[in-house]
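Here the structure comes first, spelled out in structure tokens, and everything after it is commentary.
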Amino acid sequence: MADKLINGDYELADGQYALVECDYTEELLQNAYVLLKSKRGQFYPNKNFGSKIYAIDSEPADEYLRAYAEQALASLDGVYVKSARFENGTAVIRLVLNNKEGLVRINFENNV
């Protein structure tokens, strides 16, 4: 099992100095978030790591979002994009993770 991340920080168990572990589906969702949030081409050891969703600047934006999300997640077995759309400056990507559904939200309004 992997350690659970919340907003980029490890979650601590209540009143303990131990980390909370997540199940396999949550781990896949965390990995999907990291891949989608990272800008493709800026990770030195692997230039194919991350996504190009930050480069979307033309229509049809939702179709580009879906295509770039599928490209970024191709390395994760059992993870598929169900739908992808922009809502008020946020990319909302619904995923199927080994027959379970998950949701990734990436806010573009405050990105540097």
Side-chain angles (χ1 to χ4, degrees):
M1 290 194 161
D3 297 323
K4 187 172 186 175
L5 293 171
I6 296 182
N7 295 327
D9 292 326
Y10 290 107
E11 182 179 2
L12 295 174
D14 291 331
Q16 300 179 17
Y17 294 102
L19 299 175
V20 174
E21 292 184 339
C22 60
D23 66 9
Y24 184 67
T25 302
E26 288 176 325
E27 181 181 356
L28 282 174
L29 191 58
Q30 286 182 176
N31 291 341
Y33 176 80
V34 170
L35 278 165
L36 292 167
K37 183 82 174 163
S38 301
K39 293 181 182 178
R40 191 176 191 97
Q42 294 188 354
F43 184 65
Y44 168 69
N46 182 359
K47 295 291 184 183
N48 293 323
F49 182 87
S51 72
K52 294 172 125 182
I53 61 177
Y54 292 93
I56 298 171
D57 62 354
S58 60
E59 293 295 328
D62 289 348
E63 291 181 28
Y64 282 118
L65 176 61
R66 183 182 182 118
Y68 288 151
E70 288 173 348
Q71 179 187 42
L73 300 174
S75 64
L76 294 180
D77 288 334
V79 178
Y80 304 97
V81 177
K82 183 175 182 178
S83 66
R85 69 183 186 286
F86 284 102
E87 291 180 357
N88 302 323
T90 300
V92 179
I93 304 164
R94 291 197 177 281
L95 303 173
V96 176
L97 310 120
N98 292 330
N99 298 324
K100 295 182 182 178
E101 287 197 26
L103 181 72
V104 172
R105 292 180 184 270
I106 299 173
N107 187 351
F108 286 91
E109 293 177 351
N110 297 324
N111 285 332
V112 180

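The figures here come from the full heavy-atom set of this structure, side chains too, leaving out hydrogens, waters and symmetry mates. Here the structure is a predicted model, which means the values were calculated and not measured.
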Any idea which heavy atoms bring Asp77 and Asn98 closest together, and the distance?
-> O-OD1, 4.2 Å
Give the cluster check for Val92 versus Leu65: same hydrophobic cluster or not, with ILVMFWY residues linked at side-chain heavy-atom distances below 4.5 Å.
-> no
Roughly how far, to the nearest 0.5 Å, is the OH atom of Tyr80 from the CG atom of Asn99?
-> 9.0 Å
If every non-hydrogen atom of Ser83 is compared with every non-hydrogen atom of Arg66, which pair is closest and at what distance?
-> CA-NH1, 3.7 Å
Hey, what do you get for CZ (Arg40) to OH (Tyr54), rounding to the nearest 0.5 Å?
-> 14.0 Å
Which atom of Gly50 lies closest to which atom of Ala72, heavy atoms considered = O-CB, 3.3 Å
Check the pair Ile93, Tyr33 against side-chain contact (heavy atoms from CB on, under 4.5 Å), reporting the backbone distance first and the verdict last.
-> CA-CA 10 Å; Ile93 304 164; Tyr33 176 80; over 6 Å; no
Does the side chain of Leu95 reach to within under 4.5 Å of the side chain of Lys82, using non-hydrogen atoms?
-> no
State, to 0.1 Å, how close Leu76 and Leu28 come at their nearest heavy-atom pair, and which atoms those are.
-> CD1-O, 4.2 Å
Closest approach of Leu35 to Ser75 (non-hydrogen atoms, all atoms of both residues) = CD1-OG, 4.1 Å
Rounded to the nearest 0.5 Å, how far apart are OG of Ser51 and CD of Glu70?
-> 12.5 Å
Exactly one candidate in Ile56, Val81, Leu36 meets side chain to side chain contact (heavy atoms under 4.5 Å, CB included) with Tyr68; the answer is Ile56
Which pair of heavy atoms, one from Asp62 and one from Phe86, lies closest together, and at what distance?
-> OD1-N, 3.0 Å
